[in-house]
Protein chains: 2
Amino acid sequence: MAGKHELHEKGLRLTPQRELVLSAVRSLGHATPEEVAEKVRETHPGINLSTVYRNLETLQNVGLVLHTHLGHGGATYHAAEELTHLHLVCGTCGSVGDAPIEAAANFVNVLADDYGFKTDVTHFAVYGTCAACVKP
Amino acid sequence: MAGKHELHEKGLRLTPQRELVLSAVRSLGHATPEEVAEKVRETHPGINLSTVYRNLETLQNVGLVLHTHLGHGGATYHAAEELTHLHLVCGTCGSVGDAPIEAAANFVNVLADDYGFKTDVTHFAVYGTCAACVKP
DNA sequence: AGCGAGTTGCGAGTTATTCGCAGTTACTAT
DNA sequence: ATAGTAACTGCGAATAACTCGCAACTCGCT
Ligand SMILES: [Mn+2]
Ligand SMILES: [Mn+2]
Ligand SMILES: [Zn+2]
Ligand SMILES: [Zn+2]
């Protein structure tokens with residue numbers, strides 16, 4: 001009667017690689033596929049990068065992880081339960097700050113009311129200039 | 001006393017390729033580098049893709065064009081004077097809608113007041129689900 | 001006309017991601 | 001427990017989207 005493993009509950013096989021990818025994403029907060037691979041290699045040195053990519057996609061399909069776009073390049077992955085903030089990326093210094101989703105509540109409502117658009121404010125970063133760079 | 005060409009005013013040389021890249025961006029509205037190249041090739045078939053990339057960057061450096069990120073892939077370019085709207089990209093059907101920048105006015109103010117962050121709402125798209133896809 | 005820095009075309013090099021396939025492994029059904 | 005099978009993995013190759021190095025050309029200046 002022990003509960004099923006969360007991966008089994010999602011209909012996925014439990015492999016060491018998959019489990020390690022998931023816990024790497026959880027422990028890293030934000031991470032690129034490359035960073036996830038590095039983390040996983042601490043305990044499972046042989047993991048292939050394509051296995052990481054495939055598992056990130058699989059885990060995303062079942063809703064355990066998701067990705068955001070913080071810059072011009074590739075996506076960064078988050079644990080699903082942890083994505084509760086906006087990303088503020090500074091075009092000048094490159095820093096990535098966080099802000100609570102509530103900061104966008106009014107914006108989300110405007111888009112819903114006026115355009116029928118249901119917004120996910122976390123998927124793309126918010127771009128601009130951070131406080132430190134705005135000041136001279 | 002005839003006015004200088006706008007490219008000369010920006011300190012750039014006027015080459016056929018550069019002028020064509022700029023007018024392609026202007027006539028296309030949104031365009032990827034590949035699409036710009038295609039457009040330019042209508043009148044200048046030999047243009048090399050790297051010339052397009054280099055000119056897009058050069059034109060961006062002097063403020064005549066700029067880019068936004070509409071999806072997972074590469075950037076899309078806009079004429080600077082034309083970027084007066086938000087992009088609403090639908091994750092379900094892939095459509096890209098527009099909304100006036102004013103829709104984000106309150107959001108921009110909140111980020112400025114609470115975080116000192118000066119937001120450029122056009123650089124990254126707004127992601128979500130369009131009205132057509134929200135409805136069953 | 002003549003010069004020199006800026007620009008172009010081209011081929012090669014990167015980087016990030018995806019794919020095909022053969023061998024392995026996790027679950028399932030005896 | 002055992003065997004069957006579909007899922008999964010590693011690996012190497014392929015693709016996509018740029019980026020770079022360099023020799024040839026050309027724009028703007030004198
Ligand atoms: Mn950008
Ligand atoms: Mn995405
Ligand atoms: Zn900054
Ligand atoms: Zn849609």
Side-chain angles (χ1 to χ4, degrees), chain A residues 2-25 30-41 43-62 64-77, chain B residues 2-25 30-41 43-62 64-77:
Chain A
K4 282 163 97 178
H5 189 284
E6 63 183 325
L7 291 176
H8 287 162
E9 278 174 350
K10 299 292 187 176
L12 299 178
R13 287 197 184 172
L14 193 171
T15 67
Q17 291 91 334
R18 180 164 294 163
E19 202 172 17
L20 287 165
V21 166
L22 178 55
S23 67
V25 170
H30 300 150
T32 62
E34 196 67 58
E35 290 164 345
V36 170
E38 257 169 56
K39 179 77 179 176
V40 172
R41 288 194 180 114
T43 50
H44 189 104
I47 196 171
N48 192 274
L49 192 50
S50 42
T51 300
V52 172
Y53 274 99
R54 286 187 284 225
N55 275 317
L56 287 171
E57 192 182 351
T58 301
L59 293 169
Q60 185 170 252
N61 288 340
V62 299
L64 289 170
V65 312
L66 32 79
H67 72 267
T68 65
H69 301 274
L70 300 185
H72 303 193
T76 69
Y77 288 80
Chain B
K4 284 163 94 178
H5 189 283
E6 63 184 326
L7 291 175
H8 287 160
E9 278 175 351
K10 299 290 188 176
L12 298 178
R13 286 199 186 168
L14 193 171
T15 67
Q17 290 89 337
R18 182 164 293 160
E19 203 173 16
L20 288 165
V21 166
L22 179 54
S23 66
V25 170
H30 300 149
T32 62
E34 197 67 58
E35 290 163 344
V36 170
E38 257 169 59
K39 179 78 180 174
V40 172
R41 287 193 182 118
T43 49
H44 189 105
I47 196 171
N48 192 274
L49 192 51
S50 42
T51 300
V52 172
Y53 275 100
R54 284 186 287 225
N55 276 316
L56 287 171
E57 192 182 351
T58 302
L59 293 169
Q60 185 170 251
N61 288 340
V62 299
L64 289 170
V65 311
L66 31 79
H67 72 267
T68 64
H69 300 275
L70 300 186
H72 303 191
T76 68
Y77 288 81

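Chain letters run A, B, ... following the sequence lines, proteins first and then strands; every chain starts at 1.
Residue side chain B:S50 reaches the base of C:dC10 through a donor-acceptor N/O pair under 3.5 Å, judged by distance alone.
The B:R54 side chain lies nearest to C:dG9 when the options are D:dC8, C:dG9, C:dT17. Checking C:dT17, D:dC8, D:dC11 against the side-chain heavy atoms of A:N48 singles out D:dC11 as nearest. With distances taken from any side-chain atom of A:P33 to the nucleotides D:dG10, C:dT17, C:dG9, the minimum falls on C:dT17. Checking C:dG9, C:dG20, C:dT25 against every side-chain atom of A:R13, the shortest atom distance belongs to C:dT25. Considering only side-chain atoms of A:H44, the nucleotide from D:dG10, C:dA16, D:dT19 that sits closest is D:dG10.
Between B:H67 and A:H72, the ring planes are perpendicular. Angles over 60° get that label, and only those under 30° would be called parallel.
For A:E19 and C:dA26, the CD to C1' distance is 13 Å, given to the nearest whole Å. One interatomic measurement links the two molecules: CD of B:E34 to P of D:dA16, which rounds to 10 Å at whole-angstrom precision. Here the C1' atom of nucleotide C:dG9 and the CG atom of B:N55 are 13 Å apart, to the nearest Å. Straight-line distance from the NZ atom of B:K10 to the C1' atom of D:dC27: 20 Å, rounded to whole Å. Per the geometry, CG belonging to B:L49 stands 10 Å off P belonging to D:dA17, to the nearest Å. Straight-line distance from the CZ atom of B:R18 to the P atom of D:dG28: 10 Å, rounded to whole Å. Atom pair B:H67:NE2 and D:dA17:P shows a separation of 16 Å (rounding to whole Å applied). For the pair B:E57 CD and D:dC18 P, the interatomic distance rounds to 12 Å; values are reported in whole Å.
The shortest distance between the side-chain N/O atoms of A:Y53 and the OP1/OP2 oxygens of C:dT17 is below 4.0 Å. Remark: A:T15 is in phosphate contact with D:dT9, judged by side-chain N or O atoms under 4.0 Å from OP1 or OP2. At least one side-chain nitrogen or oxygen of A:Q17 sits closer than 4.0 Å to the OP1 or OP2 atom of D:dG10.
Using a 4.5 Å heavy-atom cutoff, the side chains of B:T15 and B:T51 are not in contact. Annotation: side chain of A:N55 is not in contact with side chain of A:L20 (no heavy-atom distance under 4.5 Å). Considering only heavy atoms from C-beta on, B:V65 stays 4.5 Å or farther from B:V21 through its side chain.
Backbone-only contact: B:G46 has heavy atoms under 4.0 Å from sugar-phosphate atoms and none from a base.
A distance of 10.5 Å separates CG in A:L12 from NE2 in A:H5, rounded to the nearest 0.5 Å.
Heavy-atom nearest nucleotides on DNA chain D were determined for B:G74 and for B:L12, and the one closer to the 5' end corresponds to B:G74.
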